[in-house]
Amino acid sequence: MRLVIRKDYDEVSYHVAKYVKERVNEFAPSANRPFVLGLPTGSSPVGVYRNLVKFYQDGELSFRHIVTFNMDEYVGLPRDHPQSYHTFMWNHLFKYVDILPENVNILDGNALDLDLECQRYEEKIFAFGGIELFLGGIGPDGHIAFNEPGSSLNSRTRVKTLAYDTIVANARFFDNDITKVPNLALTVGVGTVVDAREVCIIITGAHKALALAKCIEEGMNHMWTVSAIQIHPRGMIVCDEDATLELHVKTVNYFKSIEKVHEELIGSGNVGLQGGVRSWPGALRSAYHA
Ligand code: GLP
């Protein structure tokens with residue numbers, strides 16, 4: 001697993017967006033071989049989406065051959081409700097880029113049969129050959145998507161009851177009235193996320209510092225579901241300085257030094273010469289992640 005530390009939210013957002021752009025362009029997606037991208041909602045990815053829109057406007061990135069699967073959606077909230085994740089995604093990203101509406105996948109929290117909707121979602125991800133890159137955020141309790149503490153680390157897409165802490169945290173989007181926050185959601189499982197070929201988690205702010213420490217300095221634990229990233233061969237967390245406040249200095253220095261060495265290797269070109277490795281970007285990325 002890799003931890004990338006940037007100064008603040010803006011630098012984190014730029015780093016993640018640039019990473020997505022580079023991964024998509026390197027993949028060179030086509031109609032027959034689209035890039036399958038998993039996406040989160042919440043305040044964490046807003047800056048990333050802003051940068052992705054800018055890349056699109058500058059002609060550096062196209063969404064034409066990108067297929068997206070969102071992480072989660074509230075149950076029972078009308079699709080056009082201002083706080084539905086459908087509305088969020090169109091208002092922050094999709095309506096500004098050239099994505100084909102039929103390539104956007106968001107769970108339907110108003111489906112008549114919610115279990116069937118979840119099963120259908122898993123099957124569709126499978127039919128696309130799995131998710132290439134899953135972006136995510138976390139809640140202050142370390143939940144990923146809506147996989148609240150205690151969720152099975154093998155869980156798949158399903159209906160989930162929201163933890164009281166999450167309802168309170170999300171009340172800011174519902175006039176600070178917890179009675180307006182839905183208490184059920186559809187969510188991809190922890191297993192669905194870690195099945196992606198690559199996972200990138202955005203963690204910013206001092207209020208998430210404890211979750212980050214639990215996630216990377218302690219063992220994998222269902223009470224901090226983001227810690228499942230530890231078993232992923234290509235897992236990356238991009239955080240800001242504030243989110244590192246609960247980490248040991250040793251941990252911070254270690255991950256900073258790894259990144260420094262990695263960047264020096266990219267600059268020198270030595271890996272390709274010494275290792276006889278021709279496929280530079282892939283090989284370097286593997287070395288950097290695992
Ligand atoms: C909700 C979402 C999560 C998200 C979390 C954090 O619980 N279901 O996917 O990561 O909020 O939101 P924020 O980024 O606003 O802190």
Side-chain angles (χ1 to χ4, degrees), residues 6 8-10 12-13 16-17 37-51 68-77 81-89 91-93 105-109 118 121 131 133-151 155 157-174 176 178 180-194 196 199-212 214-215 223-229 235-240 242-243:
R6 290 292 176 270
D8 54 22
Y9 178 88
D10 287 344
V12 167
S13 301
V16 173
L37 182 63
L39 294 174
T41 52
S43 47
S44 303
V46 169
V48 176
Y49 295 158
R50 204 180 302 126
N51 280 284
T68 62
F69 283 90
N70 260 81
M71 287 192 139
D72 42 18
E73 177 59 287
Y74 291 113
V75 167
L77 214 54
H81 187 282
Q83 295 308 331
S84 82
Y85 288 169
H86 277 82
T87 303
F88 177 98
M89 288 310 300
N91 285 345
H92 286 96
L93 180 63
N105 295 281
I106 304 179
L107 283 153
D108 179 3
C118 294
Y121 207 65
I131 290 174
L133 172 62
F134 220 136
L135 293 186
I138 65 162
D141 60 2
H143 74 250
I144 182 160
F146 271 127
N147 294 287
E148 302 285 21
S151 294
S155 51
T157 305
R158 67 207 186 289
V159 188
K160 197 78 186 71
T161 311
L162 301 192
Y164 182 69
D165 283 357
T166 301
I167 293 173
V168 171
N170 289 357
R172 65 200 147 119
F173 301 118
F174 292 85
N176 286 312
I178 59 167
K180 291 186 182 168
V181 186
N183 46 27
L184 278 181
L186 302 186
T187 180
V188 295
V190 182
T192 318
V193 176
V194 296
V199 176
C200 173
I201 306 292
I202 305 154
I203 304 183
T204 59
H207 62 305
K208 294 187 181 170
L210 180 62
L212 178 61
K214 292 280 179 188
C215 167
M223 295 310 285
W224 302 88
T225 53
V226 65
S227 64
I229 197 174
M236 175 164 70
I237 292 174
V238 186
C239 74
D240 64 359
D242 284 350

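One-based numbering, in listed order, for ligands and for the atoms of each. In what follows, residues are counted from 1 in the order of the sequence shown.
- Heavy-atom minimum distance, P40 versus Y49: O-OH, 2.6 Å.
- In summary, the atoms of ligand 1 found under 4.0 Å from a heavy atom of F146, numbered by their order in the structure, are 1 (C), 7 (O), 8 (N).
- Checking side-chain atoms of N183 against main-chain N and O of T161 turns up no donor-acceptor pair under 3.5 Å.
- Given atom 16 (O) of ligand 1, the protein heavy atom at minimum distance is K208 NZ, 2.6 Å.
- The backbone N or O of S44 lies less than 3.5 Å from a partner atom in the side chain of Y9, making a donor-acceptor pair.
- In this structure, CG in D10 is found 8.0 Å from CG in N51, a value given to the nearest 0.5 Å.
- In this structure a side-chain-to-backbone donor-acceptor pair under 3.5 Å is missing from E148 to L162.
- In N170, the part holding a heavy atom less than 4.0 Å from any atom of ligand 1 is the side chain.
- The closest non-hydrogen atom to atom 3 (C) of ligand 1, taken over G137, P40, A145, comes from A145.
- Under a 4.0 Å criterion applied to the non-hydrogen atoms of D72, ligand 1 contributes the atoms 2 (C), 8 (N), 9 (O).
- Residue-to-ligand polar distances keep P45 apart from ligand 1: every N/O pair is separated by 3.5 Å or more.
- Taking both residues in full, the closest heavy atoms of V188 and R158 are given as O-NH1, 3.9 Å, listed atom of the first, atom of the second, then distance.
- Test L186, L107, D72 against T157 for side-chain contact (heavy atoms from CB on, under 4.5 Å) and you get one pass: L107.
- Considering only non-hydrogen protein atoms, atom 6 (C) of ligand 1 sits nearest to I138 O, 3.2 Å.
- The ligand atoms of ligand 1 that sit less than 4.0 angstrom from a heavy atom of R172 are 13 (P), 15 (O), 16 (O).
- Residue S44 places at least one N or O, backbone or side chain, under 3.5 Å from an N or O of ligand 1.
- With hydrogens and angles disregarded, a donor-acceptor distance shorter than 3.5 Å links the side chain of Y121 to the backbone of N105.
- Contact annotation for Y74 and ligand 1: no heavy atom of the residue comes within less than 4.0 Å of the ligand.
- Remark: side-chain polar atoms of K208 are paired, donor with acceptor, to backbone N or O of I138 under 3.5 angstrom.
- Between H143 and ligand 1, at least one pair of N/O atoms sits closer than 3.5 Å.
- Here the rule is side-chain contact (heavy atoms from CB on, under 4.5 Å) with V12, and of I202, V48, I203 only I202 fits it.
- Of the protein's heavy atoms, S43 OG, 3.4 Å lies nearest to atom 13 (P) of ligand 1.
- Not a single N or O atom of T166, backbone or side chain, sits closer than 3.5 Å to an N or O atom of ligand 1.
- Looking at atom 4 (C) of ligand 1, its nearest protein heavy atom turns out to be T41 O, 4.1 Å.
- Atoms of ligand 1 found under 4.0 Å from any heavy atom of Y85 (numbered from 1 in listed order, with element): 1 (C), 2 (C), 8 (N).
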